[in-house]
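Residue numbers begin at 1 in each chain, while the letters A, B, ... track the order of the sequences.
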Amino acid sequence: MQDNSVISANLTPLPDHVGVEGLEDKWTKKWAAEKTYAFDGNRPRGQVYSIDTPPPTVSGALHMGHVFSYTHTDIIARYKRMRGYDVFYPMGFDDNGLPTERRVQNYFGVRVDTSLKYDPNFKPPFHGTAGKKIEARDQVPCSRKNFIELCEQLAAEDEVKFRDLWTRLGLSVDWNHTYHTIGTFARKIAQKGFLHNLARGEAYQKEAPVLWDVTFQTAVAQAELEDRPYPGFYHKLAFHPTDGSKDILIDTTRPELLPACCALIVNPNDERFKHLIGKTVKTPLFGVEVPVLGHSAAQMDKGTGIVMCCTFGDRTDVQWWRELKLPLRMILTRNGRIDPTVPKWITSDKGREVYAKMATKTTFTARKIIVDELRKSGEMIGEPVKTMREAGFYEKGEKPLEILTSRQWYLSNGGTDMKLRSQLLERGKELNFHPDFMRVRYNNWVKGLNTDWLISRQRFFGVPFPLWYPVTEDGKTDFAHPITPSEDRLPIDPTTDVPAGYTEDQRNQPGGFTAEQDIMDTWATSSLTPQIVTHWGEKDGLAEHTFPMDLRPQGQDIIRTWLFSTIDRSELEFHVLPWKDTTLSGWILDPDHKKMSKSKGNVVVPTGPIDRYGADAVRYWAASARLGMDSTYDEGQMKIGRRLAIKILNATKFVLGIGREDENYHVTKAAHATWDPLNVTQPLDRAVLARLAHVVRDATNALDHFDHAKALNIIETNFWNFCDNYIELVKNRAYGTSTISHTNPTEIQVLSARTTLGIAMDCFLRLLAPYMPFVTDEAWGWMHAGQGSVHRAPWPKASFYSAAALKVPAEVLDQASQALAAVRKVKSEAKVSMKTPVAQIVFAGVKDALNQMRVAMSDVLQAGQIEGKVNFHELSIDDIRKRIVTSAVTAEKERQEREAEKQARKAKNKKPLPPEQAAKKAEAMKKRREEALAQARQKAEEEADQFGHGEGGTTIPILAEDTSLDD
RNA sequence: GGGCGAUUAGCGCAGCGGUUAGCGCACUUCGCUCACACCGAAGGGGUCGCUGGUUCGAUUCCAGCAUCGCCCACCA
């Protein structure tokens with residue numbers, strides 16, 4: 001349509017009154033029925049635009065943040081579709097991970113027990129517990145496979161809510177392409193990805209200290225770590241040098257780890273203490289001999305400057321333990337309690353006695369016990385001193401993380417392999433971040449990594465590692481020689497499936513095999529969403545058309561997890577960036593500028609605003625925020641969106657309604673209209689096309705840079721101008737009638753106006769379609785009935801409009817608008833109706849501006865109801881300057897008058913001053929007024945001097961003077 | 001402690017080395033004009049966070065500071 005020079009419309013009857021109610025239902029159904037957003041999949045990669053949609057957590061609450069960021073992506077999807085791309089816009093659902101595990105547990109009253117076999121007839125005890133918490137001991141155990149089935153069942157229910165929201169919001173997702181992160185295919189890809197990593201040596205297992213959550217009893221990765229303030233106490237403890245010299249004092253917040261102490265550390269540059277290096281001291285209470293060692297990580301200004309190293313109190317302890325080759329003295333078990341067995345390194349009776357009291361207690365209780373004992377023995381100096389410190393937490397946990405050693409699986413991520421790190425940093429440079437400054441977060445994260453990615457979790461729900469281990473003849477598990485399945489068996493569950501060459505009765509038997517019990521971190525699956533969604537390695541050939549992908553939209557909070565890990569996996573597997581662009585949306589803040597989150601209880605459920613303002617209006621609110629910028633939840637903005645939506649309908653109705661019954665002009669009572677740009681003959685009309693060319697060019701440019709907010713602003717501003725100025729200017733001409741005593745317009749003039757209105761409205765509908773899909777398609781339906789959806793219409797081309805403008809500058813429209821505004825101002829100030837005829841008017845302005853206005857004179861006269869004499873007063877630049885000064889001075893005088901009136905009114909209620917004082921005051925006031933006036937004049941003169949020195953291109957006001965109105 | 005954003009009218013936001021800093025809401029006044037009263041027109045309102053620097057000229061560039069938000073950091 002755009003490539004031809006003619007736009008042919010197919011008109012339908014118009015409603016008497018327009019409204020946005022009911023449009024969502026109507027168009028949602030229609031789009032679904034007509035497969036408006038279906039991905040074709042037969043086009044070459046270059047003609048496809050593929051989007052790696054973030055899968056929302058299905059168990060999570062729906063909130064405005066979802067609406068916000070998904071709208072941003074949808075705008076891009078719709079824009080690209082109109083640009084002619086075959087848009088691959090799938091939707092995923094994240095049902096892997098702890099939130100879902102907990103939700104399934106509570107909803108069905110079950111828990112996973114991997115020792116159980118799959119029971120095809122398993123029935124959970126509940127189906128919806130209505131929020132009642134089921135205690136762990138009341139949960140019925142089931143196999144992992146049963147649990148996953150329940151999860152899929154529940155996810156399907158949760159999914160309906162999301163799908164309903166997305167549909168109502170008008171997301172142009174192709175619902176034939178959906179996936180679940182715990183689904184069969186995702187599990188297959190996750191296991192396949194892992195096996196590839198394993199084969200290449202990128203995945204490996206290692207016995208090492210790990211961050212451990214005692215509540216969930218699992219290892220957690222660096223990426224899931226979160227620092228929070230946590231109250232604690234400094235305890236000053238006395239260690240006793242074996243050479244009998246005076247006690248060495250240390251500060252600690254973890255006195256309960258005293259039995260795990262393996263050294264004292266001082267900084268070798270610390271003049272106060274470096275002489276202590278090499279000594280041996282006995283620990284308080286336990287009397288274990290430990291060395292005093294030097295290490296630069298010991299901070300002189302913390303505590304006493306001497307620190308005790310335990311295995312393990314914090315991550316510095318791990319460093320010391322590793323670098324100084326200290327003995328491992330673990331006293332903490334996986335459940336966060338003190339090991340019940342008295343360690344062999346504690347040999348004194350006193351020590352063993354104290355330890356026995358602490359054994360099996362939580363760290364909290366153990367701390368109380370040990371502090372009591374220290375008080376008794378006098379080895380604690382003074383009382384504990386309260387402090388706030390930052391402690392590491394698992395982001396979903398409530399207790400500080402502990403550090404334990406255990407066997408875990410790791411995946412290379414540049415934390416230890418510096419070559420990989422530099423490659424990942426390189427990819428970070430290649431990827432286009434929108435906004436660009438988000439790249440810094442990626443770089444900081446990659447540069448800050450100090451371990452590989454710990455991908456194993458000691459949980460039950462998730463994607464299992466596709467691994468078994470041989471059990472030796474003497475019954476030991478041979479971790480060093482994992483058994484892997486062939487890829488065609490994936491996905492498997494090693495706790496129920498059997499490795500090739502073995503039988504089920506060899507499970508956990510000497511000479512048999514045993515399953516890897518651990519599951520993978522959820523990010524180990526999520527990091528493969530491009531592979532999942534584009535069907536990596538499948539025979540359907542989807543990947544060829546869609547991978548590497550074009551766009552990854554996501555939240556800024558998961559750059560270190562999702563974004564980074566996806567790049568990592570893609571780098572390891574394909575040595576390629578998984579997508580070209582990434583868009584990061586900001587947060588939604590509540591009206592008090594607090595981030596909206598469930599925990600704060602300030603979330604707004606999106607269905608409310610959609611009901612109240614309509615989906616288009618809610619989308620408008622989301623679209624007016626730029627990427628990466630936090631946005632205040634503002635229903636005012638939605639009201640404006642609603643206003644725009646209604647305006648679109650009304651303007652279209654007007655444009656299509658004109659001349660319906662008029663057979664003389666191509667828009668006829670027949671249902672067809674042909675808008676041929678060759679019929680746009682009047683300068684004002686051509687100026688509109690020139691303006692459209694600018695709008696299309698600028699909006700397109702902004703959208704190409706993912707700046708949807710800027711594009712919307714450009715389109716919207718111009719659309720309102722079009723309505724308020726152009727439509728008002730040509731209304732009468734378009735009707736073909738005259739309301740003032742001038743000649744009626746000629747057929748050619750009428751045709752020109754009607755054609756321009758049609759072309760412009762057609763253009764605005766296309767431009768607004770990505771933002772307001774419902775109203776634009778509604779209006780498009782009136783205009784192009786049976787010609788398909790606006791969402792499949794081509795995006796406008798600037799060249800089409802600029803060619804049709806035939807070199808008439810857009811300024812003609814601006815100057816005519818200014819003239820009309822000048823007339824309106826006169827009437828407004830006279831407080832009369834805009835219909836009031838003008839008996840006489842003089843337009844004043846610089847020559848160029850007047851000339852531009854004059855070419856549209858007849859429209860200005862019509863719109864302004866100017867019946868009488870019209871004159872032009874050509875002003876020089878100097879005149880304009882004088883006017884600036886004069887008007888500034890007048891304005892200041894008026895302001896002073898108003899001020900004086902106000903003072904006078906106030907004075908009435910006050911006691912009069914004695915005459916002398918009153919005179920003095922009057923004098924001072926007069927002086928002040930004169931000064932203000934002089935100042936205003938001077939400022940205006942300075943400003944006026946600047947006037948006219950600038951570059952051309954700006955519009956210079958046209959003023960109306962000597963105007964008289966008819967009564 | 002390091003880093004990244006933000007700070008412009010009562011509110012929500014644009015903008016930008018250069019004529020008079022814009023838009024919307026709200027506010028005031030006017031108008032039931034045949035697309036739209038879910039409307040239209042006109043108007044009032046800002047020392048562009050603070051302090052310096054560069055410049056003929058800074059809201060815009062630079063530095064420092066302040067406030068808010070976020071990210072990272074070994075949390076004795």
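One finds no side-chain N or O of A:R439 lying less than 4.0 angstrom from the OP1 or OP2 phosphate oxygen of B:G5. Of the side-chain N and O atoms in A:K639, none sit less than 4.0 angstrom from OP1 or OP2 of B:A26. Dashed line: the shortest gap from a side-chain N or O of A:R642 to OP1 or OP2 of B:G24 is not under 4.0 Å. Using a 4.0 Å cut-off, some side-chain N or O of A:R626 falls inside it from OP1 or OP2 of B:A14. Proximity of A:Q222 to the phosphate of B:C74: no side-chain N or O atom is located under 4.0 Å from OP1 or OP2. The shortest distance between the side-chain N/O atoms of A:R315 and the OP1/OP2 oxygens of B:C75 is not below 4.0 Å. For B:U33, neither phosphate oxygen OP1 nor OP2 lies less than 4.0 angstrom from any side-chain nitrogen or oxygen of A:K731. Regarding contacts with the backbone of B:C34, every side-chain N or O of A:K835 stays at 4.0 angstrom or more from both OP1 and OP2. Proximity of A:S624 to the phosphate of B:C13: no side-chain N or O atom is located under 4.0 Å from OP1 or OP2.
Base engagement by A:D227 is indicated by at least one non-hydrogen atom pair under 4.0 Å involving a base atom. If you check every strand for non-hydrogen atoms under 4.0 Å, A:E716 touches nothing. Base contact: A:A298 has a heavy atom under 4.0 Å from a base atom. A:W720 comes within 4.0 angstrom of sugar-phosphate atoms only, judged by non-hydrogen atoms across all strands, and of no base. Residue contacts for A:Q319: at a heavy-atom cut-off of 4.0 Å it reaches no nucleic acid atom on any strand shown. Contact annotation for A:Y234: backbone-only contact, meaning every heavy-atom pair under 4.0 Å involves sugar-phosphate atoms and none involves a base. Nucleic acid contact for A:K647: base, since at least one base atom lies under 4.0 Å from a heavy atom of the residue. Within 4.0 Å of A:C723, counting heavy atoms only, lies at least one base atom of the nucleic acid. Counting any heavy atom pair closer than 4.0 Å across all strands shown, A:I727 reaches a base atom. Contact annotation for A:K831: backbone-only contact, meaning every heavy-atom pair under 4.0 Å involves sugar-phosphate atoms and none involves a base. Among the protein residues, A:I250 comes within range of no part of the nucleic acid, since none of its heavy atoms lies under 4.0 Å from any strand. Residue contacts for A:G636: at a heavy-atom cut-off of 4.0 Å it reaches no nucleic acid atom on any strand shown.
Rounded to the nearest Å, the gap between the P atom of B:U54 and that of B:U59 is 15 Å. Between B:G57 and B:G69, the two P atoms lie 38 Å apart (nearest whole Å). B:G45 sits 14 Å from B:C25 when the C1' atoms are compared, rounded to a whole Å. Only the P atoms considered, B:C39 is 16 Å distant from B:U33, to the nearest whole Å. Nucleotides B:A66 and B:C50 place their P atoms 15 Å apart, quoted to the nearest Å. Taking atom C1' on both B:U8 and B:G22, the two are 10 Å apart, rounded to the nearest angstrom. Distance noted for atom C1' between B:U51 and B:C56: 23 Å (whole Å). Comparing the P positions of B:C4 and B:C65 gives an interatomic distance of 13 Å, to the nearest angstrom.
The nucleotide whose nearest atom lies closest to any side-chain atom of A:T316 is, among B:C74, B:C36, B:G5, B:C74. The listed nucleotides are B:G31, B:C75, B:A73; the one nearest the side chain of A:W445 is B:A73. Residue A:R441 places its side chain closer to B:C70 than to any other of B:A14, B:C75, B:C70. Among the nucleotides B:C75, B:G12, B:G40, the one closest to any side-chain atom of A:A391 is B:C75. Closest to the side chain of A:M834, from the set B:C75, B:A73, B:U33, is B:U33. In the set B:G3, B:C74, B:A41, the nucleotide with an atom closest to the side chain of A:V440 is B:G3. For A:M629, whose side chain is taken as the heavy atoms from C-beta onward, the closest listed nucleotide among B:C25, B:C72, B:A14 is B:A14. The nucleotide whose nearest atom lies closest to any side-chain atom of A:S833 is, among B:C75, B:G31, B:C39, B:G31. Checking B:A41, B:C38, B:G43 against the side-chain heavy atoms of A:I646 singles out B:C38 as nearest. Listed nucleotides B:G43, B:A41, B:C70 differ in distance to A:W587; the shortest reach to its side chain belongs to B:C70.
Rounded to an integer number of Å, the gap from A:R824 CZ to B:U33 P is 15 Å. Rounded to an integer number of Å, the gap from CE of A:M438 to C1' of B:G5 is 8 Å. A:H17 places its NE2 atom 13 Å from the C1' atom of B:C39, with the value rounded to the nearest Å. Atom CG of A:L225 is separated from atom C1' of B:C71 by 13 Å (rounded to the nearest Å).
In this structure, A:R642 is not positioned above the aromatic face of A:Y613 in the sense of NZ or CZ being under 6.0 Å from the six-membered ring centre and within 45° of the axis. A cation-pi arrangement is present between A:K731 and A:F654, with the terminal nitrogen or guanidinium carbon under 6.0 Å from the aromatic centre and inside a 45° cone about the axis.
With a cut-off of 3.5 Å on both pairing distances, the Watson-Crick or G-U wobble partner of B:C25 is B:G10. Nucleotide B:G44 forms a pair with no other nucleotide shown, judged by Watson-Crick or G-U wobble geometry with both contacts under 3.5 Å. Checking B:G18 for Watson-Crick or G-U wobble geometry (two distances, each under 3.5 Å) identifies B:C56 as its partner. Applying the Watson-Crick and G-U wobble criteria (two distances, each under 3.5 Å), B:C4 pairs with B:G69. Using Watson-Crick or G-U wobble geometry with both donor-acceptor distances under 3.5 Å, B:C50 finds its partner in B:G64.
Side-chain rings of A:F68 and A:W621 approach one another, their centers coming within less than 6.0 Å. For A:F764 and A:F722, the gap between ring centers is short of 6.0 Å.
A salt bridge is defined here as a Lys NZ or Arg NE, NH1 or NH2 lying under 4.0 Å from an Asp or Glu carboxylate O, and A:D707 with A:R626 fails to meet this definition. A salt bridge is defined here as a Lys NZ or Arg NE, NH1 or NH2 lying under 4.0 Å from an Asp or Glu carboxylate O, and A:K827 with A:E829 fails to meet this definition. A salt bridge links A:R254 with A:E402; the closest basic N to acidic carboxylate O contact falls under 4.0 Å.
If you find the closest nucleotide of RNA chain B to A:D634 and to A:K710, the one lying nearer the 5' end belongs to A:D634. Heavy-atom nearest nucleotides on RNA chain B were determined for A:E829 and for A:Q637, and the one closer to the 5' end corresponds to A:Q637.
Between A:F433 and A:R441 the shortest side-chain heavy-atom distance does not fall below 4.5 Å.
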